[in-house]
2 protein chains.
Amino acid sequence: MTSHQKLTRNQALVLGSLEKAGQPLSAYTILDQLRDDGLRAPLQVYRALDKLLESGLVHRLESINAFVACSHPHSHSHGSAAFAICERCGRVDEFSDAVVQKRLASWSSEHGFKPSRTTVEIRGECAACLGN
Amino acid sequence: MTSHQKLTRNQALVLGSLEKAGQPLSAYTILDQLRDDGLRAPLQVYRALDKLLESGLVHRLESINAFVACSHPHSHSHGSAAFAICERCGRVDEFSDAVVQKRLASWSSEHGFKPSRTTVEIRGECAACLGN
DNA sequence: AATTGGACGTAATGTCATAACGTTAGCTTG
DNA sequence: CAAGCTAACGTTATGACATTACGTCCAATT
Ligand SMILES: [Zn+2]
Ligand SMILES: [Zn+2]
Ligand SMILES: [Zn+2]
Ligand SMILES: [Zn+2]
C-alpha cells in the first residue's frame, strides 16, 4: 500500500532521471533534464518527488538540498538511512547503522521525544577523491 | 584562536538575537529582529552567522534551514552535536552521543572517507507537546 | 604615510520550494 | 451509463533561503 504502486508518468521520469545520474540532483536540475519530456514547472518535479520520498524510492539530502535514488530500492521502507556525501565529486554512499539508529531511538525514548524523521549525513571527501 | 575573539557588532547582535529567542531562527527572521539596530540586508546576517558557525557559538539546522545558539557555548568546539527538533513548538535539544560519533567515524575510516562536517537531526514531537 | 586585510553596506541576482487556481483521467456507485 | 469522487496534472505567481559583485571603511602593520 505504501509503495509498490505503479508510478505515474512524471514520477517515473523523475525517478529515472535520478537513477541515471547515480548521484544527487537538485529539483531544478531534474527539471532541466526532463524538459524534452514535457515537464515545464518545478511543481511537477516536487510533486513527483513527494510521492517517491513517501514510498522510499528516493531520499532527500537535507544538507545539500538535493535528492538521490535509494540504493536499496527493493528492501522497501528500510529504516532511516545515513549518507556519506563527497563534497568534491558528489558521490553519495547510503548506509545504515543499527547502532546509530538504536542510540538515537534511546535518546528519544529517554527524553519523551517522538521521532518522525531522522537525518544523518556526513559531508567530506570520498576515497576516490583522496587519491587511493 | 578559533573562538574567543571579540565579536563584532553585527556578530554580537545576531548571537544576541538567537540567544534571546532560545529556539531556531531563520536568517531572515533574525534580520527582521535587527532592523531597528540598523541591519538592512541578508548578507549582514549571513556574514555574521558564518563567523559564529566557525567559532561554534551557533549551529545550523540543515533540515529546517535555521540557526540556533549553541547550548554549551563554554565548552568550545565540542565535537559534532546532534539535535532533536520539535516540529510542533520549535524547541530544539542539543545533545552529543559519543557512540553515534564513534560509529560514524568508524564507517568513515573503513571506507576511506574523510569527514568534514556531520549532521544528525531528529525531527518529531517533544515531550511537552505530547502532553506529558 | 603607505599598505594590507577584515569587516562592512548595498544592490542585484541566484537557488530552492510552495500557494492557488482550474483541468483531466480513472474509478466507484447508484 | 451518468453522477460523483479522488488523485494527479498543468500553469502562473509568489515566497523563502542564500550568494555574487563591487566599493568603502578602519585598524594594524611596515
Ligand atoms: Zn534507501
Ligand atoms: Zn569524491
Ligand atoms: Zn553546541
Ligand atoms: Zn514541542
Side-chain angles (χ1 to χ4, degrees), chain A residues 1-18 21 24-55 57-68 85 87 90 117 119 121 123, chain B residues 1-18 21 24-55 57-68 85 87 90 117 119 121 123:
Chain A
M1 174 128 44
T2 47
S3 60
H4 262 346
Q5 311 200 80
K6 189 173 179 304
L7 298 178
T8 65
R9 169 180 159 82
N10 287 0
Q11 289 161 20
L13 285 170
V14 168
L15 180 57
S17 178
L18 284 172
L25 299 178
S26 77
Y28 278 74
T29 302
I30 295 170
L31 176 58
D32 285 341
Q33 296 192 353
L34 296 176
R35 296 230 182 246
D36 293 343
D37 296 289
L39 270 67
R40 321 279 320 235
L43 211 48
Q44 295 175 291
V45 174
Y46 281 109
R47 285 201 275 233
L49 285 171
D50 282 345
K51 293 300 175 186
L52 294 169
L53 289 168
E54 263 180 35
S55 62
L57 294 172
V58 164
H59 299 293
R60 177 189 178 88
L61 301 177
E62 308 279 1
S63 64
I64 58 173
N65 294 322
F67 303 85
V68 68
I85 304 164
E87 291 181 308
R117 283 187 298 169
T119 297
E121 297 176 14
R123 273 150 300 157
Chain B
M1 172 120 54
T2 47
S3 60
H4 262 343
Q5 311 201 78
K6 190 174 179 301
L7 298 178
T8 66
R9 169 180 160 79
N10 286 1
Q11 288 161 21
L13 285 170
V14 168
L15 180 57
S17 178
L18 284 171
L25 300 178
S26 77
Y28 278 75
T29 301
I30 295 170
L31 175 58
D32 286 341
Q33 296 192 354
L34 296 177
R35 296 231 181 244
D36 294 343
D37 296 289
L39 271 66
R40 320 279 320 243
L43 203 49
Q44 295 175 291
V45 174
Y46 281 110
R47 285 202 275 231
L49 284 171
D50 282 345
K51 292 300 175 185
L52 294 168
L53 289 168
E54 263 179 34
S55 63
L57 294 172
V58 164
H59 300 293
R60 178 190 178 90
L61 300 177
E62 307 279 2
S63 65
I64 60 172
N65 293 322
F67 303 86
V68 67
I85 304 164
E87 290 182 307
R117 284 187 300 167
T119 297
E121 298 176 14
R123 272 151 300 155

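Only heavy atoms go into these numbers, but all of them, side chains included; no hydrogens, no water, no symmetry mates. Below, chains carry the letters A, B, ... as their sequence lines are ordered, and counting in each starts from 1.
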Legend entry - Phosphate OP1/OP2 of D/dC9: any A/T8 side-chain N/O under 4.0 Å: yes
Legend entry - Any N/O donor-acceptor pair, B/R47 side-chain to C/dG6 base, under 3.5 Å: no
Between [N] ([atom2]) and [X] ([atom1]): distance, integer Å:
| X | N | atom1 | atom2 | value |
| --- | --- | --- | --- | --- |
| A/Y28 | C/dA17 | OH | P | 9 Å |
| B/Q44 | D/dT24 | CD | P | 17 Å |
| B/D50 | D/dC17 | CG | C1' | 14 Å |
| B/D37 | C/dG9 | CG | C1' | 16 Å |
| A/N65 | D/dC17 | CG | P | 11 Å |
| B/R40 | C/dA11 | CZ | C1' | 12 Å |
| B/L43 | C/dT15 | CG | P | 16 Å |
| B/E62 | C/dT15 | CD | P | 19 Å |

As a test of reading the structure: which of [options] is closest to the side chain of [X], going by heavy atoms?
| X | options | value |
| --- | --- | --- |
| A/A41 | D/dT11, D/dC9, D/dA18 | D/dT11 |
| A/P42 | C/dC8, D/dT11, C/dT18 | C/dT18 |
| B/F67 | C/dA17, D/dA18, D/dC9 | D/dA18 |

Legend entry - 5′-ward residue of the pair A/A48/B/R60 relative to DNA chain D: A/A48
Inset, instruction - Look at the side chain of B/Q33 and the backbone N and O of B/I30, then say whether any donor-acceptor pair between them is shorter than 3.5 Å. - result: no
Inset, instruction - State whether the side chain of A/Q44 and the backbone N or O of A/R40 hold a donor-acceptor pair below 3.5 Å, judged by distance alone. - result: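 Pair found, side chain donor or acceptor close to backbone of A/R40.
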Inset, instruction - Among B/R123, B/E62, B/E121, find the one that has a side chain to side chain donor-acceptor pair (under 3.5 Å) with A/T119. - result: B/R123
Inset, instruction - Flag as yes if B/Y46 stacks onto the base of D/dT19 (centroids under 5.5 Å, planes under 30°), otherwise no. - result: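 It does not: the ring fails the test against the base of D/dT19.
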Inset, instruction - Please report the C-alpha distance between A/V68 and A/L25 in whole Å, then the side-chain angles of each, then the deciding distance to 0.1 Å, and finally whether the side-chain contact (heavy atoms from CB on, under 4.5 Å) criterion is met. - result: CA-CA 7 Å; A/V68 68; A/L25 299 178; over 6 Å; no
Inset, instruction - To the nearest 0.5 angstrom, please state how far the OG atom of B/S17 sits from the CG atom of B/D32. - result: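 Between B/S17 OG and B/D32 CG, I get 10.0 Å after rounding to 0.5 Å.
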